[in-house]
Amino acid sequence: MTRSFDRLLVAGGAGFIGSNFVRLLRTTRPQIEITVLDMLTYAGNRANLAEFEGRQGYRFVHGDICDPQLVDGLAADVDAIVNFAAETHVDRSLLEPLAFIDTDVRGTAVLCDAARKHSHRAFLLVSTDEVYGEVREGRSREEDPLKPRSPYSASKAGAEHIAHAYAESFGLPVLITRGSNTFGPYQYPEKLVPVLVTNAIDGLPLPLYNDGSAVRDFIHVEDHCRAIDMVLHDAPISDPIYNIGSGIETSGNQVAEAVLEILNKPKSLIQYVADRPGHDYRYALDVRRITDLGWEARINFAEGLERTVRWYVDHPEWWRPLKSGEYWDFYKGNYRPLKR
Ligand code: NAD
Ligand code: DAU
């Protein structure tokens, strides 16, 4: 099965994974014309795509995926939509859940509706392994029930249900990827890896929830983007859902120790803080379906982390301006002392 596209709408393309995806497409499939639609929330950054501004085959539209008129006009000119746009940080979803429902659920519905009206050839929703909820034992398979536990993961599960409803009711060719914890260049410094890396560079404490033992499956953003590209082009619509991950479990403690070792900083910078409410202690994915499609991770965690730390060391002009004002208001409100 191979699908090809002349024009794609990449919603949320100015964020972390979206901008890396646009970079991948510009390099490997330069014939595809790309329109990026992004509202430029605190997490979106037009500078992530500065190298493509003014180039043929690329255009940027500043706007909201929840705006049906705007989305309809853009959808009329493309063959498919890839949706990265979302509110994405679990800790923020505990402070402002409604913003997540608006963008992640309603926004996805607006995009699906436009894709249906314009008879698109595919609608790919970039979803997350968090929709399975906490997995204490074993590995999640694509058929497993969705049991999200945070407002973020519930909103992403809602988006999946909306997309599925459009597939069943209107025949929209829907594809869904469920990626694991992604890290690499251009990640806003609120998720674990960039918080630890940028704090360690500055000699600030590295906050770990509770005892730092919660585990995640970390995947480098280039591997994640290659998998999304493969699903978009090669996956059968009859088998529409794909887990994407490395299949390897790493704890917060292991991430922090590796960052400190790369930067040659003392372990005493690790600071255990009060746990995240409703913290999912483990996710683990069965990735056989995506590997059967021909994908495999190429960048192991140690190499990916080394490259990522180097990128943040070399690009202070990208992240330093982000760590000011509202950033520290959120940060100070989010982390509380650990009481044993
Ligand atoms: P991000 O927060 O870096 O980027 C999100 C982008 O969406 C930003 O550019 C933001 O401006 C844009 N956006 C937000 N609301 C919008 C709206 N209403 N209209 C238009 N644009 C809007 O997120 P990310 O980490 O790049 O994640 C991208 C997608 O991948 C999300 O859907 C997320 O759920 C999913 N995902 C992320 C990870 C991860 O570890 N980061 C893992 C699996 C899946
Ligand atoms: O699994 C995919 C998901 O990964 C994505 O869908 C989400 O968009 C993304 O935010 C991410 O969610 P997590 O909650 O897993 O990522 P986060 O980086 O916030 O946390 C990773 C782990 O590290 C988790 O166990 C909580 C812990 N943590 C996180 C932060 C930010 C800390 O111990 N300290 C921290 O400061």
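Numbering of ligands and ligand atoms starts at 1, following listing order. Any value given below was found using the heavy atoms of this structure, including those in side chains, with hydrogens, waters and symmetry copies removed.
At a 4.0 Å cut-off, at least one heavy atom of S180 sits close enough to ligand 1 to count as contact. Ligand 1 is approached by Y152 to a heavy-atom distance shorter than 4.0 Å. For the ligand labelled ligand 1, residue Y188 lies outside the 4.0 Å heavy-atom shell. Not a single heavy atom of Y281 sits less than 4.0 Å from an atom of ligand 2. At least one heavy atom of G63 sits under 4.0 Å from some atom of ligand 1.
Polar contact check, L37 against ligand 1: no nitrogen or oxygen pair lies under 3.5 Å apart. Checked by distance only, ligand 1 and D64 come closer than 3.5 Å through their nitrogen or oxygen atoms. Checking only distances, N45 never comes within under 3.5 Å of ligand 1, N or O to N or O. Below 3.5 Å of separation, one finds no N or O of Y283 facing any N or O of ligand 2. Between T88 and ligand 1, at least one pair of N/O atoms sits closer than 3.5 Å. Considering backbone and side-chain atoms alike, D91 places every N or O at 3.5 Å or more from each N or O of ligand 2. For ligand 1, the polar-atom distance check finds no N/O of E87 at less than 3.5 Å from any of the ligand's N/O atoms. At under 3.5 Å, a nitrogen or oxygen of L192, whether backbone or side chain, sits near a nitrogen or oxygen of ligand 2. The N/O atoms of F16, backbone and side chain alike, include one that comes under 3.5 Å of an N/O atom in ligand 1. Ligand 1 has an N or O atom lying under 3.5 Å from an N or O atom of T182, backbone or side chain. At least one N/O-N/O distance between P207 and ligand 2 falls below 3.5 Å. Taking any N or O of D280, backbone or side chain, none lies under 3.5 Å from an N or O belonging to ligand 2. Residue G179 has no N or O atom closer than 3.5 Å to an N or O atom of ligand 1.
Protein heavy atom nearest atom 9 (O) of ligand 1, with residue, atom name and distance: D38 OD2, 2.6 Å. When only non-hydrogen protein atoms are considered, atom 29 (C) of ligand 1 lies nearest to F84 O, 3.3 Å. In this structure, atom 21 (N) of ligand 1 lies nearest to the protein heavy atom M39 N, 3.1 Å. Protein heavy atom closest to atom 27 (C) of ligand 2, with residue, atom name and distance, is Y209 CD1, 3.8 Å. Closest to atom 19 (O) of ligand 2 among all protein heavy atoms lies R276 NH2, 2.8 Å. Here the protein heavy atom with the shortest distance to atom 10 (O) of ligand 2 is K191 CD, 3.0 Å.
Contact annotation: for Y335 versus ligand 2, heavy atoms closer than 4.0 Å belong to the side chain alone. Contact annotation: for K156 versus ligand 2, there are no heavy atoms closer than 4.0 Å. Within the 4.0 Å heavy-atom criterion, both parts of I17, backbone and side chain, lie near ligand 1. In A11, neither the side chain nor the backbone holds a heavy atom less than 4.0 Å from any atom of ligand 1. Of the heavy atoms in K156, only side-chain atoms (C-beta onward) come closer than 4.0 Å to ligand 1. Under 4.0 angstrom from ligand 1, the non-hydrogen atoms of S127 all belong to its backbone. Heavy atoms of N181 found under 4.0 angstrom from ligand 1 belong exclusively to the backbone. When non-hydrogen atoms are compared, ligand 1 lies under 4.0 Å from neither the backbone nor the side chain of N83. By the criterion of a heavy-atom distance under 4.0 Å, the side chain of D129, and not its backbone, is placed next to ligand 2. Proximity of S180 to ligand 2, defined as any heavy-atom pair under 4.0 Å, is confined to the backbone N, CA, C and O atoms.
Scanning both residues, P316 and V313, for their nearest heavy atoms gives CD-O, 3.4 Å. Between I237 and P173, the shortest heavy-atom contact is CD1-CB, 3.7 Å. Heavy atoms only, all atoms of each residue included: P194 and Q187 are closest at CD-OE1, 3.3 Å.
Side chains of Y242 and D292: a donor-acceptor N/O pair is absent below 3.5 angstrom, by distance only. There is a side-chain donor-acceptor pair under 3.5 Å between K191 and T88. D77 and H118 form no side-chain donor-acceptor contact under 3.5 Å, judged by distance and modelled atom types alone. In the model, Y335 has no side-chain atom that pairs as donor or acceptor with a side-chain atom of Q271 under 3.5 Å. Residues N253 and S251 have side chains that never bring a donor and an acceptor to within less than 3.5 angstrom of each other.
E130 has its side chain within reach of Y283: a pair of non-hydrogen atoms, C-beta onward, lies under 4.5 Å apart. The side-chain heavy atoms of E160 and L146, taken from C-beta on, include a pair separated by under 4.5 Å. L172 has its side chain within reach of C112: a pair of non-hydrogen atoms, C-beta onward, lies under 4.5 Å apart. With contacts defined as side-chain heavy-atom distances shorter than 4.5 Å, the pair H220/T308 qualifies. Inter-residue side-chain proximity for L37 and L70 is flagged as met; some heavy-atom pair is nearer than 4.5 Å.
Taking the six-membered ring for Trp and the full ring otherwise, the centers of H233 and F5 sit less than 6.0 Å from each other. Taking the six-membered ring for Trp, F123 and Y166 have ring centres at least 6.0 Å apart.
The nearest non-hydrogen atom to atom 12 (O) of ligand 2, considering only H224, E130, Q187, R282, comes from E130.
Of all atoms in ligand 2, numbered sequentially from 1 with element shown, those under 4.0 Å from a heavy atom of T88 are 7 (C), 8 (O), 9 (C), 10 (O). In summary, the atoms of ligand 2 found under 4.0 Å from a heavy atom of E190, numbered by their order in the structure, are 31 (C). Listed by number with element, the atoms of ligand 2 under 4.0 Å from a non-hydrogen atom of H279 are 24 (C), 25 (O), 26 (C). Taking every heavy atom of V90 and a limit of under 4.0 angstrom, the matching atoms of ligand 2 come to 12 (O), 14 (O). Close contacts between ligand 2 and A214 involve ligand atoms 25 (O) [criterion: under 4.0 Å to a heavy atom]. Listed by number with element, the atoms of ligand 2 under 4.0 angstrom from any heavy atom of T128 are 1 (O), 2 (C), 3 (C), 5 (C), 6 (O).
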Original post:
Does the pair K323 and D202 meet the rule for a salt bridge (charged side-chain N to carboxylate O under 4.0 Å, His left out), with working shown?
Top reply: CA-CA 12 Å; K323 294 185 86 165; D202 282 345; 5.4 Å; no
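The CG atom of L98 sits 11.0 Å away from the OG atom of S93 when rounded to the nearest 0.5 Å. In this structure, the separation between OH on Y132 and CG on L285 is 6.5 Å, given to the nearest 0.5 Å.
Note on F301: it clusters hydrophobically with V197, by side-chain heavy-atom contacts below 4.5 Å among ILVMFWY residues.
For the pair N243 (side chain) and S140 (backbone), a donor-acceptor distance under 3.5 Å is present. With hydrogens and angles ignored, the 3.5 Å screen pairs a side-chain donor or acceptor of R3 with a backbone N or O of L232.
Remark: of the listed residues Y188, W318, Y186, W318 is the sole one forming a side-chain hydrogen bond (donor to acceptor under 3.5 Å, both in side chains) with N48.
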